[in-house]
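The structure appears right after this line, and notes come after that.
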Amino acid sequence: MLTGAGISAESGVPTFRDAQTGLWAKYRAEELATPEAFLENPRLVWDWYVWRRQLTAQARPNPGHFALVELAKRVTDFTLVTQNVDGLHARAGSRDVIELHGNIELDVCFDEGTPVGAGEYRDDGSVPPRCARCGAYVRPGVVWFGESLPRRALDRAEAAVGSCELVLSIGTSSLVQPAAGLPLLAKRHGALLVEVNPNPTPLTPHADYVLSGPAGEVLPELVRAL
Ligand code: BV8
């Protein structure tokens, strides 16, 4: 299974396609989610992530997330790969989720690249906060545009799509690489490709089946039909 922002839309988490609202309306997500934007204006990008963290903290998993928990119990070899940084799959009860683009709850030292946890922040009132070890800014533990994905996560995802019989691409616009290439990789290895999305995407012409509707409605139906 590969999921994108669309599976969290019914939980109230805006997708990347959705225009940003309020303070952030004048920015494109792809512009803010870059190391360049952070270096240029650390406070702006940090505040954007604080805002998004509040949104994801308030969000609750929806029937689409829970249906994938159920599906995992019904099939022998199940792998869940997500582009989402909201942690909602794990909160729904999914185990061993491959988070290709990191997790918005985590903090990382901008210079050292190592996790920064409680007691590891410099107590100087800096915003963004600073790493107690080296004094560099702390950044959210997500993969920004132009940055490589975590090697182990990508290797595990590629191994899964290289050996699966069925791949579901759920709630993704299939525009961001290398994630968007994974369902096609699976198809090239002989897997059946099913897309779940209320809107067509560049992947739609390649899909064997398209379940055109909201994931929160389609996925529970799929599980019931099993
Ligand atoms: C990299 C974390 C090495 C941060 C994210 C090849 C060709 C062209 C460009 C590239 C390429 N290779 C690399 C690039 C550059 C770039 C890229 O792909 N750019 C795109 C914009 C063209 N990729 C990278 O930079 C990657 N790194 O490749 O490193 C490298 C570097 C440079 C050059 C070469 C190689 C890193 C990409 C990861 C970036 N980080 N997130 C954060 O969240 O703040 S990406 C982020 O955006 C999300 O994680 C997600 O991946 C993406 C958004 O896509 P979706 O999840 O699909 O969401 P979207 O809003 O787009 O669509 C929602 C869909 O849901 C829609 O289709 C809608 O119809 C549907 N929907 C709506 N409601 C529902 C629904 N579906 C179901 N149910 C509903 N209810």
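Because the structure is predicted, anything quoted here is derived from the model rather than measured. Ligands are counted one by one from 1 in listed order, and the atoms in each one are counted from 1 as well.
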Exercise. Does the ring centre of Trp46 sit less than 6.0 Å away from the ring centre of Tyr137?
Worked result: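 That pair fails the under 6.0 Å test.
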For the atom pair [atom1] ([X]) and [atom2] ([Y]), what is the distance rounded to the nearest 0.5 Å?
X     : Y      : atom1 : atom2 : answer
Asn62 : Ser8   : CG    : OG    : 7.0 Å
Arg91 : Arg60  : CZ    : CZ    : 6.0 Å
His89 : Arg95  : NE2   : CZ    : 13.0 Å
Asp77 : Ser163 : CG    : OG    : 6.0 Å

Problem set entry | salt_bridge(Arg52, Asp86) N-O dist < 4.0 Å |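 Here Arg52 does not pair with Asp86 in a salt bridge, since their nearest N and O are not under 4.0 Å apart.
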Exercise. Looking only at atom types and distance, does a side-chain atom of Arg53 sit under 3.5 Å from a main-chain N or O of Ile104, one as donor and one as acceptor?
Worked result: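 Confirmed, Arg53 side chain pairs with Ile104 backbone.
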Exercise. Distance-only, no hydrogens or angles: does the Glu120 side chain make a donor-acceptor pair with backbone N or O of Gly117 under 3.5 Å?
Worked result: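 Checking the backbone N and O of Gly117 against the side chain of Glu120, a donor-acceptor pair under 3.5 Å is found.
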For this session: Please verify whether a non-hydrogen atom of Pro198 lies at under 4.0 Å from ligand 1.
Result: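 Pro198 counts as a contact of ligand 1 under the 4.0 Å cut-off.
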Problem set entry | Contact with ligand 1 for Gly216, non-hydrogen, under 4.0 angstrom |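 Heavy atoms of Gly216 never come under 4.0 Å of ligand 1.
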Within a distance of under 4.0 Å, is there any protein heavy atom near [atom]?
atom                    : answer
atom 8 (C) of ligand 1  : no
atom 33 (C) of ligand 1 : no
atom 30 (C) of ligand 1 : no

Protein heavy atom at shortest distance from [atom]:
atom                    : result
atom 58 (O) of ligand 1 : Ala5 CB, 3.4 Å
atom 67 (O) of ligand 1 : Asn197 ND2, 2.9 Å
atom 71 (N) of ligand 1 : Gly6 CA, 3.6 Å
atom 51 (O) of ligand 1 : Gln83 OE1, 2.7 Å
atom 20 (C) of ligand 1 : Leu175 O, 3.7 Å
atom 80 (N) of ligand 1 : Glu10 OE2, 2.8 Å

For this session: Have a look at Glu147, Arg52, Gln177, Arg28 and point out the one with the heavy atom closest to atom 1 (C) of ligand 1.
Result: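 Checking each option, the heavy atom nearest atom 1 (C) of ligand 1 is found in Glu147.
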For this session: Only heavy atoms count here, so choose which of Phe16, Phe145, Trp144 is nearest to atom 19 (N) of ligand 1.
Result: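 The residue whose heavy atom sits nearest atom 19 (N) of ligand 1 is Phe145.
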Under 3.5 Å between some N or O of ligand 1 and some N or O of [X]?
X      : result
Ile7   : no
Val143 : yes
Asn84  : no
Gly213 : no
Val176 : no
Tyr49  : yes
Trp48  : no

For this session: Could I get the full list of side chain to side chain donor-acceptor pair (under 3.5 Å) partners for Arg188, not counting sequence neighbours?
Result: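 So Arg188 forms no side chain to side chain donor-acceptor pair (under 3.5 Å) with any residue.
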Exercise. Can the positive tip of Arg130 be found less than 6.0 Å from the middle of the six-membered ring of Tyr121, inside 45° of the ring normal?
Worked result: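 Negative - Arg130 is either too far from the ring of Tyr121 or too far off its axis.
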Exercise. Is the Lys NZ or Arg CZ of Arg43 less than 6.0 Å from the centre of Trp48's six-membered ring, within 45° of the axis?
Worked result: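 No - Arg43 does not lie over the ring of Trp48 by the 6.0 Å and 45° rule.
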Problem set entry | Leu106, Val116, Val108, Asp107 screened by side-chain contact (heavy atoms from CB on, under 4.5 Å) with Arg139, the one that passes |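 Of the listed options, the one satisfying the test is Val108.
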For this session: Using a 4.0 Å heavy-atom cut-off, say whether Val85 meets ligand 1 through its side chain, its backbone, both or neither.
Result: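 The part of Val85 near ligand 1 is the side chain, not the backbone.
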Exercise. Heavy atom under 4.0 Å from ligand 1: found in Ala9's side chain, backbone, both, or neither?
Worked result: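 For Ala9, only side-chain atoms sit under 4.0 Å from ligand 1.
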